[in-house]
Amino acid sequence: MTEHASLAEHVDVLIVGAGPTGLALGVDLARRGVDALVVERGEGLSPGSRGKGLQPRTMEVFDDLGVLDAILAAGGDYPVGMVWQNGERVAEQNMFDPAETNEDSPYGAPWMVPQWRTQEILRSRLDELGGRVSFGGEVTGIAQDADGVTVEFASGAPVRARYAVAADGGRSVIRRALGIGMTGETVDPNPILVADTRITGLDRDNWHIFPPRGDEGFLAICPLAGTEDFQVVAQLLDDSAPDLSLDGVRKLVAARSHLAPEDVTEVRWASDFRPRAALADRFQQGRVFLAGDAAHVHSPAGGQGLNTSVQDAYNLGWKLGAVLRGEAPASLLDTYEEERRPNAAEMLGLSTKVHRGEARRGEATRQLGIGYRESSLTEETRAASDGLRAGDRAPNRTIAGVRLLDAFRGPHWTLLALGTAAPAGGDSDAVRVVAGPPTEPYGTGLFLVRPDGYLGWAGDTESGLAKYTERFNLGRPTGS
Ligand SMILES: Cc1cc2nc3c(=O)[nH]c(=O)nc-3n(C[C@H](O)[C@H](O)[C@H](O)COP(=O)(O)OP(=O)(O)OC[C@H]3O[C@@H](n4cnc5c(N)ncnc54)[C@H](O)[C@@H]3O)c2cc1C
């Protein structure tokens, strides 16, 4: 563990917060050779199973970041919901719409990994790549000028960086210091208690649901994959501070289920929150970017918070890398807010609808449909069609024996030449070329896939492609 006092005085990117957002961004930047430092106020990673549902799109991102095997080994499928009444099992309830697993989406359904474990896995990948996390450093303020950012700490010397990323959670100090507002609503005025517990007397094959009764809120007890813990989630209907002690959790569980208080043998972590849906008014101010919960807070109901946060990191990582390596102008960074803010707004709306029972956990919550068709980075040069368009996620296929998710893995772009000649030159460090026959849903043509797996450009002509790639000087530093 790095001591805060020994921090470097200057880094290219300072990431504030070692939650899933900060760690995912740290991993992405480390593999791009960017000098980044993650600073975390805690003495270690934060505990708690919180965001335990990894959506299929996040699994694809984790594949690219090199943590998929560890994530698969650490987790499991969601169990079927079991509804209880008066100590009897009365109904089974599927928490998610059925999902197909196929070549297009190899990870069909959400995969359960407690958030603390996901963070550990990202942290160890960061270590493996030589990235740095510094614990025990609480950021208190930030100032910026034309050349960089100065980040202040509660103790120790300030750190200077070319860019800073606020991945410091829903109560972001940096967002407040920058005066960026958060607009939104309380989704549910009732607090929710969440606790990681050990419980006897319940099977681990079901997510146990105890519907609301009389003046009590709901209780749900989910076995946490890869552990012996159960996650207890309980809606509280009064405004008094929840009792997070073992005794308090025992009383709550016993009052709302057939379990005896002593069946709860341990509370390993507990917290409470009020579900809110809110979006930061801006995701960027000068050289500072907001990402993850610092930029948007969701109701946990749709399982979108952590996943949307990882998508932010993934969108920002390659852009920071390209600008810092001199391969793209700094204006590329403006597309982070342009692309991610509308997307986060959509995911927020969806989370709130799921919370209110107005939408299912289904196709949209899997995040495979996320795209950037309207982005200024997207160029579709083919005649309009109903199929795959530039801006869409590049779906997996096997082309001439090459599985696209394997070809995409790494910090490069990928050019697909389907039923048409690939431009001369072949593979470079910046662009990998996959050539093959026309392939649905791509069809025929040239398709340039961004480092984050979205179609940046689609067309038929080499000259059109060359014009697009000039914007990025792929592999040829501009020195700007
Ligand atoms: C009960 C519950 C269930 C949830 N379920 C899901 C789910 O199923 N699926 C899902 O996708 N999401 C879920 N979420 C949401 C998910 O937990 C968050 O979206 C996720 O943690 C956001 O990650 P983050 O890295 O942006 O922020 P955080 O995880 O909050 O991390 C921020 C980090 O910054 C550090 N920090 C804060 N301030 C400072 C400072 N001044 N200086 C230095 N460090 C600082 C904090 O200590 C923390 O480690 C759930 C949340 C809760 C509460």
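Counting from 1, the numbers follow the sequence of the chain as shown. Whatever order the structure lists them in is the order used to number ligands and atoms, beginning at 1.
In this structure, atom 47 (O) of ligand 1 lies nearest to the protein heavy atom E40 OE2, 2.6 Å. Counting protein heavy atoms only, atom 45 (C) of ligand 1 is closest to R41 CG, 3.7 Å. If you check which protein heavy atom lies closest to atom 6 (C) of ligand 1, you get G51 CA, 3.1 Å. Looking at atom 52 (C) of ligand 1, its nearest protein heavy atom turns out to be R50 CB, 3.9 Å.
Of the inter-residue distances, the one linking N102 atom CG with N396 atom CG reads 9.5 Å to the nearest 0.5 angstrom.
R204 forms a cation-pi arrangement with F230, by the criterion of a distance under 6.0 Å to the ring centre and an angle within 45° of the ring axis.
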Which is it for W116 and T227 under the side-chain contact (heavy atoms from CB on, under 4.5 Å) test, yes or no, and what are the steps along the way?
-> CA-CA 11 Å; W116 60 264; T227 75; 3.9 Å; yes
Going through the checks in order, is the side-chain contact (heavy atoms from CB on, under 4.5 Å) test met by I370 and M347?
-> CA-CA 9 Å; I370 292 175; M347 290 302 151; 4.0 Å; yes
Under the side chain to side chain donor-acceptor pair (under 3.5 Å) criterion, do S245 and D247 qualify, and how do the steps go?
-> CA-CA 5 Å; S245 68; D247 200 37; 5.4 Å; no
Worked check of side chain to side chain donor-acceptor pair (under 3.5 Å) between R276 and T186 = CA-CA 4 Å; R276 286 184 65 222; T186 299; 5.0 Å; no
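Closest approach of A270 to L244, counting heavy atoms only: CB-O, 3.8 Å. When all heavy atoms of H296 and A344 are compared, the pair lying nearest together is CD2-CB, 3.6 Å. The minimum heavy-atom distance linking S105 with R393 is given by the pair CA-NH2, 4.2 Å.
Per-residue contacts place E138 under 4.0 angstrom from the following atoms of ligand 1 (heavy atoms of the residue considered): 41 (N), 42 (N). Numbered from 1 in the order shown, with element, the atoms of ligand 1 that lie under 4.0 Å from a heavy atom of G137 read 42 (N), 43 (C). For ligand 1, the atoms closer than 4.0 angstrom to any heavy atom of G53 are 8 (O), 9 (N). Counting the atoms of ligand 1 from 1 in the order shown, those under 4.0 Å from a heavy atom of F273 are 1 (C), 53 (C). Proximity to Q115 (heavy-atom distance under 4.0 Å) selects the following atoms of ligand 1: 16 (C), 17 (O), 20 (C), 21 (O), 29 (O). Ligand-side atoms of ligand 1 in range of V16: 42 (N), 43 (C), range being under 4.0 angstrom from any heavy atom. Which parts of ligand 1 touch G305 is read off a 4.0 Å heavy-atom cut-off, strictly below it: atoms 10 (C), 11 (O), 12 (N), 19 (O). Interface of V194 with ligand 1, defined as ligand atoms under 4.0 Å from a residue heavy atom, comprises 1 (C).
With respect to the salt-bridge test (charged N to carboxylate O, under 4.0 angstrom), the residues R450 and E339 qualify. Using a 4.0 Å cut-off between a side-chain N of Lys or Arg and a carboxylate O of Asp or Glu, R356 and E185 qualify as a salt bridge.
At a cut-off of 3.5 Å, with distance as the only test, a side-chain donor of Y372 or R340 sits close to an acceptor on the other residue. If you check the side chains of Q367 and T308, you find a donor sitting under 3.5 Å from an acceptor.
Under a 4.0 Å heavy-atom criterion, G42 is not in contact with ligand 1.
Contact annotation for H298 and ligand 1: no heavy atom of the residue comes within less than 4.0 Å of the ligand.
Checking only distances, V139 does come within under 3.5 Å of ligand 1, N or O to N or O. For ligand 1, the polar-atom distance check finds an N/O of T21 within less than 3.5 Å of one of the ligand's N/O atoms. Note: no N/O pair closer than 3.5 Å links Q231 and ligand 1 by distance alone. Taking only nitrogen or oxygen atoms, main chain and side chain alike, D293 reaches within less than 3.5 Å of ligand 1. Not one N or O of Y78 is nearer than 3.5 Å to an N or O of ligand 1, by distance alone.
Nearest to atom 23 (O) of ligand 1 by heavy-atom distance, out of A177, G44, P20, is P20. The heavy atom nearest to atom 32 (C) of ligand 1, considering only A167, G292, G17, is found in A167. In the candidate list L306, L54, D312, L45, L306 is nearest to atom 11 (O) of ligand 1, counting heavy atoms.
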